[in-house]
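Input: a single structure, listed below in structure tokens.
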Amino acid sequence: MTTNRNRRFGVSALSFAVSLALTGSLASAQVIAEEQQVEQKENIEKIAVLGTRAAPRSIGDSPVPIDIISSDDLKKNGSTDMIDMLVTSVPSFNSRAQPISDAATLVRPVNLRGLPSDSTLVLVNGKRRHRASVIAFQGGGINDGAQGPDISVIPSAALKQVEVLRDGAAAQYGSDAIAGVMNFVLNDSADGGSITVSQGEYYEGDGATTTIDGNIGLPLTDSGFVNLSVQYKNADATSRSVQRPDAANLITQGNTDVNDPAQVWGNPEINDDYSFFLNSGFDINDSAHLYAFGNLSSRDVVGGFYYRNPHNRGNVYSEDEGKTLLVGAVNGDQSTCDIVPIPKIDTDGDGIPDVDGNVLTSPEYLAMLADPNCFSMNQIRPGGYTPQFAGTVEDQSFFAGIKGNMGEWNYDFSAGTGSNKSTFSLKNSLNPSLGLDTPTDFETGAYEQVETTVNVDFSRFVNIGSLEDVSFATGFEWREESFEITQGEEASWVAGPYAEQGFNIGSHGFKGFGPEAAGKNSRHNIGIYTDVEAYIGEDWLVGAALRYEDFSTFGDTLNYKLTAQYAATDELSFRASHSTGFRAPTVGQENVVNTQTSIVEGDLIQTFIAPPTDPLAAFYGGEVLEPEESVSYALGAVFEHEGFFLTVDYYNIEVTGRIAQSSQIEVEAKDYDALRAAGVEFPELIQGVTYYTNDFDTTTQGVDIVGSYDTNLLSGDAKFSLAYGWTDTSVDKFDPETTDEGKVRRLEDGIPAHRATLTWAQSWDKLSMSLRGNYFGEYYATHADDTSDWGSEVADAAVTVDLEVSYMVLEGLTLSVGANNLFDQKAQELKDGTQGELGAVYYESGPFDYNGGFYYGRINYRF
């Protein structure tokens, strides 16, 4: 049996080889007495090498499940987006495309173990990563309203490995760690480097993507290093669209200003997407080490919106669902303008008009044009219009610190700041309340998230009674975060002279942020933790963590975690954990203001998103947000024998007071007077309102199975890897006033209950191959955010296959070709009666890319 000492060294290094599993800071992973430092460093180096090669992928000597994915393994993928890379590597990690999803198009939300993106804490080099400024207003059910970090800015070239802790860890790291923790370990090489160029596109012939990335390690004298990485990418848009029936009819009736297709469902266009990462370290002496790391990133994204029909779009073209045009009067008296009816035509000969005619050629419309006092928005956009939503996302961070030892104590002092800013614009739109003087392109404002963190961590070994070398860690964290809304240009938010005549206020589709919305809100908090772990005899490893946090906005919280692992034999061990946790509402969720266009039973609804304490939200039940609270249990087993490795882990997470965006609440005419009295302007132009609320309780349970087997096969080296995840979420309690049944079902069944990947990696001297099968179980498919029977159904299970083949042409020069979704497995098509109704072919809520097969080539040179 492995000795107590060697087992302890392995756990201390692995416990966050990166300190994820057992302690609250990176410094804890280096806990050891001065006379044992050399032995520990050797163990850490061996572990780091194994981690980089992803063998094993999941750490066995840990009481909680950890996946380690090397940078090389991440790159065996046609996509260069970090999110797509992780989806194929971690069993319970999911994401989906965001074709028409407002700000979620700019920053794709993800989920781990069936919980939203802001329930997973993201670290870089063991330090808390700031969250994105984008809030996923249409994030796909689970992520509706989530505000998590943007991990897509992290290029694989900058990484040594990624570690994923699949266990609640709020007692160790604080808020956001309910589902788990992801740590991105930056490349720390002091020499060598690489240059990679990749190019690919979809089988359909669109979405061409070009990526160039590079990395170089440089010595900083003999005592340190500077490692630099950069990635630059451009990606064309895709379209999986059909012409909408209403747009096709308009063309048939002679309206030549309608595009074909009028509305596009597809990936957004991404331009000038670059990321620069710096990682550095310097040994001052044998007991002190300086480090610094950070990034600068930016990208421009242009996505689509819904088509605005020139006959019936409410408060733009009509007020009576397309029976007559909305006609404005320059003199302010609409009674001086004649009514313009929309002509109706009988196309099937049954005597009943069934489609619209062309209002542009009707006598009433032509008479209206001849009257200088009267106008309609058809004069600017006669074929209707489809706004284009654009944004620039800028992300930056910098952390610096010093760590080392003072006698028997290890320390780590660090401070850092990070920011993420999203600047929005809207093209091909209108501010109808400005009448014919409206511009068509708008700068609508910006969101910015800024976070500053200071950490002080200590750790050492202590003796407690008969227990020797008990690992003890403690520390302090101070953090401040702010969320700022920058005002857009006046035309994007102003209520023009025709608002009182029923014309919509602000840039239509995404109203600009006005002076009432602009401003900066912030909060700060402190956290204090302590963490211990010890071996009891040769076979039992036990640990406990306790963390206290106090927030300036809502008060304090105390959380704990207990872990245990029992080594039954040299090959088999059992592990368990129990913890409480919390997730604080983000400053953005407490204060965000926005408008969004949603689909309800096929109709477009303009919804206003208000802070929960805003007069409009408060009128319909909004209250001050409280933190979510969670209780987690986990039980697992680890088996290792020669080249075979297997972990099986069950988890159960109960979350109470879960924060989410409410369903759309209709603003009714009977409430107009009361809303005006409360200070709400033009309530008659607001169709619906949503706000953030502690709306429901959930229980999420699941099983993760991770296995690998190394062997000799076909005169080469082979590795077979399995990652399987079963996830089940049930909504235990919800408020039917703010959450409808469709939203509940989407939370429970919106992602497949069963997900699996099986990978065969084969290598010879110069040739290597990676073949991966991906299984996606049944799920509740919805079209955009429509959870009605009109736009949803249960989607079938599907399998996709990925293949990559690489050949080393010269020493250091490797050519690779491959395909994601090799056999072009189609996504779930919209059911009969809805396909094409909104210009789409597939449900966009699916778990894999609805764009189909993607082929690519890559050249990599290492030096």
Side-chain angles (χ1 to χ4, degrees), residues 18 26 48 51-52 68-75 77 79-86 107 122-133 148-164 182-198 211-220 224-234 270 272-282 289-299 392-401 414-421 449-453 860-863:
V18 276
L26 202 62
T52 301
I68 291 185
I69 307 104
S70 73
S71 176
D72 286 342
D73 282 347
L74 289 170
K75 293 174 182 176
N77 196 306
S79 175
T80 55
D81 189 301
M82 181 57 61
I83 294 173
D84 295 329
M85 295 177 183
L86 289 170
V107 179
V122 174
L123 310 175
V124 174
N125 280 357
K127 305 302 179 183
R128 179 183 283 265
R129 177 79 176 168
H130 59 276
R131 68 181 79 252
S133 55
D150 181 10
I151 64 175
S152 67
V153 303
I154 305 174
S156 58
L159 294 177
K160 180 178 182 178
Q161 61 192 37
V162 180
E163 294 128 352
V164 182
M182 303 181 72
N183 184 44
F184 293 84
V185 183
L186 299 179
N187 194 329
D188 57 2
S189 297
D191 54 32
S194 67
I195 299 174
T196 304
V197 179
S198 62
T211 305
I212 303 172
D213 64 54
N215 171 268
I216 187 169
L218 302 170
L220 189 60
F225 72 94
V226 175
N227 193 277
L228 306 174
S229 304
V230 65
Q231 177 176 281
Y232 181 81
K233 179 168 65 174
N234 286 306
I270 301 175
D272 297 330
D273 181 354
Y274 73 84
S275 286
F276 170 78
F277 270 77
L278 159 75
N279 190 30
S280 62
F282 183 80
H289 176 78
L290 288 172
Y291 60 88
F293 59 91
N295 78 286
L296 288 172
S297 306
S298 177
R299 66 177 176 270
T392 298
V393 181
E394 298 169 293
D395 187 280
Q396 55 189 346
S397 67
F398 183 76
F399 267 83
S414 67
T417 185
S419 68
N420 183 278
K421 183 176 183 178
Q449 175 81 15
V450 179
E451 298 180 30
T452 301
T453 305
N860 173 257
Y861 177 65
R862 296 192 179 191
F863 55 90

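Count residues from 1 along the sequence.
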**Report entry** Worked verdict on V185 versus V162 for side-chain contact (heavy atoms from CB on, under 4.5 Å)
**Finding:** CA-CA 6 Å; V185 183; V162 180; over 6 Å; no
Query - Interatomic distance, N125 atom CG to N183 atom CG [nearest 0.5 angstrom] - result: 7.0 Å
**Report entry** Check: V107 and R299 side chains under 4.5 Å, non-hydrogen atoms
**Finding:** yes
Query raised in the report: Is there a donor-acceptor pair closer than 3.5 Å between any side-chain N or O of S71 and the backbone N or O of S156?
Result: yes
Query raised in the report: Which heavy atom in Q449 sits nearest to a heavy atom in S133, and how many Å separate them?
Result: N-CB, 3.7 Å
Report task. Decide yes or no for D272 and S298: does some side-chain heavy atom of the first lie under 4.5 Å from some side-chain heavy atom of the second? Result -> no
Query - Check: L218 and D191 side chains under 4.5 Å, non-hydrogen atoms - result: no
Query raised in the report: How long is the gap from OG on S198 to CG on N77, to the nearest 0.5 Å?
Result: 10.5 Å
Query raised in the report: Got a second to check how far N420's CG is from H130's NE2, nearest 0.5 Å?
Result: 5.0 Å
Query raised in the report: If you measure from CD1 on I83 to OG on S152, what distance do you get to the nearest 0.5 Å?
Result: 5.0 Å
Query raised in the report: With a 3.5 Å cut-off and no angle check, do the side chains of E163 and Q161 form a donor-acceptor pair?
Result: yes
Query - Derivation of the ring-ring contact (aromatic ring centres under 6.0 Å, His included) call for F399 and F293 - result: CA-CA 5 Å; F399 267 83; F293 59 91; 5.7 Å; yes
Query raised in the report: Nearest heavy-atom pair of N187 and F225: which atoms, and what distance?
Result: O-CE1, 4.3 Å
Query - Basic-acidic side-chain contact under 4.0 Å: D213, K75 - result: no
Report summary line: Smallest heavy-atom separation, F277 atom then L186 atom, equals CD2-CD2, 3.9 Å
Query raised in the report: Rounded to the nearest 0.5 Å, how far does CG of L74 lie from CZ of F184?
Result: 8.5 Å
Report task. Search all heavy atoms of V450 against all heavy atoms of S419 and return the closest pair with its distance. Result -> CG2-CB, 3.8 Å
Query raised in the report: Side chain of S275, backbone of I154: donor and acceptor closer than 3.5 Å?
Result: no
Query raised in the report: Is there side-chain contact between I151 and L86, with at least one heavy-atom pair below 4.5 Å?
Result: yes
**Report entry** Result of checking R131, K127, R128, R129 against E451 for salt bridge (Lys or Arg N to Asp or Glu O under 4.0 Å)
**Finding:** R131
Query - Smallest separation among heavy atoms of S297 and F276, with atom names - result: OG-N, 4.4 Å
Query - Heavy-atom side-chain proximity of M85 to S79 below 4.5 angstrom - result: no
Query raised in the report: For the residue pair L220 and G281, what are the closest heavy atoms and their distance?
Result: CD2-O, 4.1 Å
Requested in this report: Taking the side chain as every heavy atom from C-beta outward, state whether V226 and I216 have any atom pair closer than 4.5 Å.
Outcome: no
Query raised in the report: N215 pairs by side chain to side chain contact (heavy atoms under 4.5 Å, CB included) with which of N227, T196, N279, L159?
Result: N227
